[in-house]
Amino acid sequence: RIAAGNRISKHEMGLKKGMILSNEPGFYESGKFGMRIESLVEVVETSIGPEDGKYLTFNTITMAPIERKLINTKLMTSAQIEWLNQYHLTVREKLGAMFEDLGKSKELKDWLIAVTEPL
């Protein structure tokens, strides 16, 4: 699924700056179970590409820690671990600032630090 709220194929839709999409990596064992992590991403412009010019990439806008008990680092590449650690750092910074602005408890801030520690 590429678009939040519908099931339009990526081949039927042109991506445009500002679009919000659903990124849903998952694992499914046929006839047994399945799990996925669903995050919303925004289509944004970038200059990173094979040649000079403007390209599109995704910026994750869902800010929620990924449950560490579900992570098996033995199955991950170093690039995947680095991405997850960077994502958790971003979650910590953004939610921490929001918690601070809202005057949230030290207990909540301590929880956030614990669930966003690097792998």
Phe58 and Val44: side chain to side chain contact (heavy atoms under 4.5 Å, CB included), yes or no, with the steps?
CA-CA 6 Å; Phe58 300 114; Val44 295; over 6 Å; no
For the residue pair [X] and [Y], what are the closest heavy atoms and their distance?
{"X": "Arg36", "Y": "Tyr28", "answer": "CD-OH, 3.4 Å"}
{"X": "Val115", "Y": "Arg68", "answer": "O-CD, 3.8 Å"}
{"X": "Pro65", "Y": "Leu112", "answer": "CG-CD1, 4.4 Å"}
{"X": "Ile61", "Y": "Ile20", "answer": "CD1-CD1, 3.7 Å"}

Partner residues of Met76 under the side chain to side chain contact (heavy atoms under 4.5 Å, CB included) criterion, sequence neighbours left out:
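So Met76 forms a side chain to side chain contact (heavy atoms under 4.5 Å, CB included) with Ile71, Thr73, Gln80, Ile81, Leu84, Leu119.
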Go through the structure and list residues passing side chain to side chain contact (heavy atoms under 4.5 Å, CB included) with Glu93, not counting sequence neighbours.
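Here the qualifying residues are Leu89.
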To the closest 0.5 Å, what do you measure between CD (Glu24) and CD (Glu38)?
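Reported value, rounded in 0.5 Å steps: 4.0 Å.
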State the CE-CD1 distance between Met35 and Ile37, to the nearest 0.5 angstrom.
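Taking CE in Met35 and CD1 in Ile37, the distance rounds to 8.5 Å.
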Is there a path from Val41 to Met19 through hydrophobic residues (I, L, V, M, F, W, Y) whose side chains come within less than 4.5 Å of each other?
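Looking at the clustering, Met19 is in the same group as Val41.
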Are Ile113 and Val91 joined in one hydrophobic group, where the rule is that I, L, V, M, F, W and Y side chains link up if heavy atoms are under 4.5 Å apart?
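No, Ile113 and Val91 fall in different hydrophobic clusters.
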Closer than 3.5 angstrom, by distance alone: can the side chain of Tyr87 be matched with the main-chain N or O of Thr60 as a donor-acceptor pair?
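Checked: no pair found.
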Does His88 reach the main-chain N or O of Ile66 with its side chain, forming a donor-acceptor pair under 3.5 Å?
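Between the backbone of Ile66 and the side chain of His88 there is a qualifying donor-acceptor contact (under 3.5 Å).
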Got Leu21 and Val43 here, is their nearest side-chain heavy-atom distance under 4.5 Å?
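In short, these two side chains touch, coming nearer than 4.5 Å.
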Side chains of Glu45 and Leu56: closer than 4.5 Å at any heavy-atom pair?
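Glu45 reaches Leu56 side chain to side chain.
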Within residues 107-119 or reaching into it, pairs that qualify as side chain to side chain donor-acceptor pair (under 3.5 Å) - sequence neighbours excluded
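Passing the test, one end in residues 107-119: Arg92-Thr116, Arg92-Glu117, Glu100-Lys109, Lys106-Asp110.
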Are more than 12 heavy atoms from other residues, nucleotides or ligands located less than 6.0 Å from atom CD of Glu42?
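More than 12 heavy atoms, drawn from other residues, nucleotides or ligands, come within 6.0 Å of this atom.
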